[in-house]
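One structure below.
These values consider heavy atoms only, across backbone and side chains, with no hydrogens, waters or symmetry-generated copies. All ligand and atom numbering here is 1-based and tracks the order in the structure.
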Amino acid sequence: MATYKIAVLGGDGIGREVTPQAQKILEVVGKATGASFEFEPALIGGAAIDATGEPLPEATLRLCEQSDAILFGAVGGPKWDDAPQERRPERGLLGLRKELDLFANLRPATCFPMLVDASPLKRSVVEGTDLMVIRELTGGLYFGEPRGREEFADGGARAINTMTYSSREIERVARAAFDVAMKRRKRLTSVDKANVLIVSQLWREVVTRVAKDYPEVQLDHVLVDNCAMALVQKPTQFDTIVTENTFGDILSDEAAILAGSMGMLPSASLGGKVGLYEPVHGTAPDIAGKGIANPIAAILSAGMLLRYSLDRGADAARVDAAVLRVLEQGYRTRDVHEEGMRLVGTGEMGDLIANEVRRSY
Ligand code: IPM
Ligand code: MN
C-alpha cells in the first residue's frame with residue numbers, strides 16, 4: 001500500500017486552526033483506502049521566527065524537499081509587522097515557493113449554488129461562476145532584481161522593485177495554464193498590461209506563441225484593469241485565467257468574493273518536485289484563536305493535494321462532494337452564515353466534513 005509523507009506547516013493565526021482540519025480529512029481517506037499518511041509538522045513564518053530567528057528554517061526546507069506534498073496554513077500577523085522585509089513571516093512562504101520552484105499557482109473560484117447569497121455581489125452576477133486563476137508564482141515584482149532602498153542625505157529615500165520575466169518563465173507557466181484549460185472548458189484568458197509595460201508585451205508574445213501548440217484552446221488577451229472590472233461585472237465569462245505574480249495576487253483575492261468568502265478558496269502551487277497546498281485566506285488575525293475560522297479552503301486544498309500530488313483524483317472528488325453535502329445540510333461557519341442556517345465552529349465543520357468523507361466509502 002502507498003505511503004505518503006506530508007509536511008504540515010500550519011504557520012500563524014488561523015493557519016494553525018484550519019490545517020489540522022485538512023489533516024483530519026487526509027487521515028480519514030487513509031483509513032478508508034489503506035493508504036498510509038505520515039504527517040510531519042514543521043515551523044514556518046512568525047512561529048518559526050519566534051522559535052529560531054528565521055522565517056524558513058533549514059530543517060523545514062529539508063523536510064519539505066523530502067516530502068510527497070506540503071499542507072500549508074498561513075503566515076504573518078501584527079506581531080511581526082515592523083520587522084524588515086527579510087525577517088518577515090511572509091519571507092518563509094516566498095522562500096519556499098522559490099526554493100521548490102513552485103511557479104504555477106492554481107486558484108479555483110467556484111460559486112457553490114448554496115452559497116450564492118453569501119456573496120456580497122448579486123445572485124445574477126455570481127451564479128454559475130466557475131473559474132481558475134493561474135498565477136505565476138516565482139517571478140515578477142516579488143523576486144525581480146534590482147531591489148532595495150537607498151537613503152538620501154537630505155532625508156529623502158528611493159525604493160526599487162523590478163518586474164522582470166524571461167521568455168522561459170512565461171512559457172512554462174503558459175504551458176501549465178493551457179494544460180489546465182484543456183481539462184476545463186478550453187478557454188484561456190491571459191491578463192497583462194501590454195499597453196504600458198514592456199514585460200507585458202513579452203508576456204503576450206510568448207503566450208501567443210505557446211498557443212500554437214494548443215489549437216483547441218480559445219485564447220484571449222485582456223488588460224488587467226479591464227479584467228478586474230469584468231470579474232465583478234460578468235464572472236461567468238471566464239474559464240481559465242493566466243497572469244503574472246502581482247496581478248494574480250490581486251485578481252485571486254477579488255475572485256474569492258465570487259465564491260462567497262475568502263474562507264472557501266483553496267490553492268495548489270506546482271511546478272517543482274513537491275506541491276504546496278494552501279488556503280488563500282491568510283492568517284486573519286482578527287478572528288485567530290477563536291475557533292470560528294472556516295476550514296473549507298484548507299480542506300479543499302487537501303483535496304487538491306490528493307488530486308495533483310498523489311494522483312488520487314477519485315478520493316479528491318469524495319472530499320469535494322463531502323464539502324458540498326455539509327453545506328447542503330445547512331452548516332455554515334461565521335463568514336458565510338445566513339439566517340436559518342446552522343452556525344458551527346472550525347472543529348465542528350471539520351468533523352462534519354470528515355464524517356461525510358468516511359460515509360462516502
Ligand atoms: C498569497 C499571499 C502571499 C502573497 C503573502 C502572504 C506573501 O497574499 O498567497 O496570496 O502575496 O503571495
Ligand atoms: Mn494574496
Side-chain angles (χ1 to χ4, degrees), residues 9-16 18-19 22 43-49 54-56 60 64 70-109 131-144 147 161-163 165 169 173 191 224 227-228 231 241-259 261-272 275-286 288 293 297-298 300-301 304-305:
L9 279 50
D12 309 313
I14 64 167
R16 313 162 78 90
V18 297
T19 309
L43 290 165
I44 188 82
I49 293 174
E54 301 280 337
L56 174 56
T60 299
C64 290
I70 305 160
L71 205 50
F72 193 96
V75 288
K79 183 175 174 191
W80 307 277
D81 268 355
D82 297 327
Q85 281 297 336
E86 296 310 311
R87 289 247 167 274
R88 286 178 66 101
E90 288 81 356
R91 277 287 133 197
L93 176 57
L94 298 174
L96 261 187
R97 288 173 178 169
K98 194 71 176 174
E99 291 290 333
L100 300 176
D101 208 15
L102 302 171
F103 61 84
N105 183 214
L106 277 52
R107 298 187 164 187
L131 59 88
M132 172 82 90
V133 178
I134 293 163
R135 167 187 177 194
E136 199 292 328
L137 205 56
T138 52
L141 283 174
Y142 276 61
F143 297 96
R147 56 193 283 129
N161 285 102
T162 307
M163 189 191 272
Y165 272 103
E169 287 174 303
V173 73
V191 178
V224 62
C227 179
L231 266 177
I241 293 173
V242 64
T243 191
E244 67 89 41
N245 205 343
T246 307
F247 297 162
D249 180 44
I250 299 166
L251 294 178
S252 61
D253 266 30
E254 189 187 3
I257 296 307
L258 306 169
S261 156
M262 284 282 277
M264 297 295 300
L265 236 73
S267 82
S269 301
L270 310 173
L276 181 147
Y277 300 85
E278 162 198 18
V280 174
H281 52 58
T283 55
D286 52 323
L300 292 173
S301 300
M304 294 184 88
L305 183 157

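With 3.5 Å as the limit, one finds no donor-acceptor pair spanning the side chains of Ser252 and Glu254.
Ligand 1 is surrounded by Glu90, Arg97, Arg107, Arg135, Tyr142, Asp249, Glu278, each with at least one heavy atom closer than 4.0 Å.
Here the closest non-hydrogen pair linking Ala288 and Gly13 is CB-CA, 3.8 Å. Heavy atoms only, all atoms of each residue included: Leu265 and Ala259 are closest at CD1-CB, 3.6 Å.
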Counting only pairs under 3.5 Å, give me each side-chain donor-acceptor contact of residues 70-78, with atom names and distances, residues two or more places apart or in other chains.
none

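Applying side chain to side chain contact (heavy atoms under 4.5 Å, CB included) to Leu9 and the options Leu96, Leu43, Leu93 leaves one that passes, Leu96.
Side-chain atoms of Arg88 come within 3.5 Å of backbone N or O of Asp81 as a donor-acceptor pair.
Using a cut-off of 2.8 Å, one finds that Asp249 contributes an N/O/S atom close to the Mn ion (ligand 2).
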